[in-house]
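To keep things clear, I will list the structure first and then write my remarks on it.
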Amino acid sequence: MDCIFCKIVEGSIPSKKVYENEHVLAFHDIQPAAPVHLLIIPKKHIATMNDVDAGDWGLIGEIHRAAQEIAKQEGVAESGYRLINNCGKDGGQVVYHIHYHLLAGVKLGPLHVN
């Protein structure tokens with residue numbers, strides 16, 4: 001498989017990790033869109049949200065639990081943060097390994113559709 005996030009999970013591509021457990025990994029985005037811009041991924045390869053099956057819902061919950069913990073760890077839980085999952089081409093997904101962007105560190109404006 002030629003998935004950049006799977007390579008980060010296996011350690012063959014380095015990342016600046018901020019969180020890791022048995023099922024989830026979080027690291028700094030290399031093209032940050034906010035002062036705090038982290039990617040939260042499952043270690044299991046799932047291409048898109050549409051590919052989540054019944055056995056994966058616990059993992060999706062684990063990602064959200066990790067996001068909550070990471071926000072506290074990064075000091076942005078109280079001020080607020082945005083958690084985004086892009087799904088598919090029209091949703092803006094670029095890497096086809098499900099992932100969430102945690103954005104924070106500045107007052108985020110409304111989302112606009114161009």
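Heads up: numbering here begins at 1 and tracks the sequence.
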Minimum side-chain heavy-atom gap Asp2-Lys7 below 4.5 Å = yes
Side-chain hydrophobic cluster, 4.5 Å single linkage: members besides Ile30 = none
Measure the spacing between SG of Cys6 and NZ of Lys43 and express it to the nearest 0.5 Å.
-> 12.0 Å
When you measure from the side chain of Glu74 to the backbone N and O of Glu69, does any donor-acceptor pair fall under 3.5 Å?
-> no
Are any non-hydrogen side-chain atoms of Lys72 and Gln68 less than 4.5 angstrom apart?
-> yes
Is any side-chain heavy atom of Tyr100 less than 4.5 Å from a side-chain heavy atom of Ile84?
-> no
With sequence neighbours excluded, give me every salt bridge (charged side-chain N to carboxylate O under 4.0 Å, His left out) pair touching residues 8-19.
-> Lys17-Glu20
In the single-linkage hydrophobic clustering (I, L, V, M, F, W, Y; side-chain heavy atoms under 4.5 Å), do Tyr81 and Leu38 co-cluster?
-> yes
Are Val106 and Val36 co-members of a hydrophobic cluster defined by side-chain heavy atoms under 4.5 Å apart?
-> no
Report yes or no: do Val18 and Val9 belong to one cluster of Ile/Leu/Val/Met/Phe/Trp/Tyr joined by side chain heavy-atom distances under 4.5 Å?
-> no
In short, Pro35 meets Gly105 closest at the heavy-atom pair CG-O, 3.7 Å
Heavy-atom distance under 4.5 Å between the side chains of Pro42 and Ile63, does that happen here?
-> yes
Testing Asn85, Leu102, Ile98, Leu25 for side chain to side chain contact (heavy atoms under 4.5 Å, CB included) with Ile40, which one passes?
-> Leu102
Using the test side-chain contact (heavy atoms from CB on, under 4.5 Å), find all partners of Asp29 that sit at least two apart in sequence or belong to another chain.
-> Gln31, His37, Leu39, His101
Partners meeting ring pair (Phe, Tyr, Trp, His ring centres under 6.0 Å) with His45 (sequence neighbours left out) = His97
Ignoring hydrogens and geometry, is there a side-chain-to-backbone donor-acceptor pair from Gln93 to Val95 under 3.5 Å?
-> yes
Got a sec, which pairs hit salt bridge (charged side-chain N to carboxylate O under 4.0 Å, His left out) with one end in residues 50-64, sequence neighbours left out?
-> Lys44-Asp56, Glu62-Arg65
If you look only at pairs with a residue in residues 75-89, which of them pass as a salt bridge (charged side-chain N to carboxylate O under 4.0 Å, His left out), with sequence neighbours excluded?
-> none
Can you get from Ile13 to Phe27 by hopping between Ile, Leu, Val, Met, Phe, Trp and Tyr side chains that sit under 4.5 Å apart?
-> yes
Should Leu103 and Leu108 be marked as a side-chain contact (heavy atoms from CB on, under 4.5 Å) after you check the CA-CA gap, both sets of side-chain angles, and the distance that decides it?
-> CA-CA 8 Å; Leu103 301 159; Leu108 299 169; 4.1 Å; yes
Do you reckon Tyr96 sits in the same ILVMFWY cluster as Ile46, going by side-chain contacts under 4.5 Å, direct or chained?
-> no
Quick one: closest heavy-atom pair of Ala104 and Ala34, and the distance?
-> O-CB, 3.6 Å
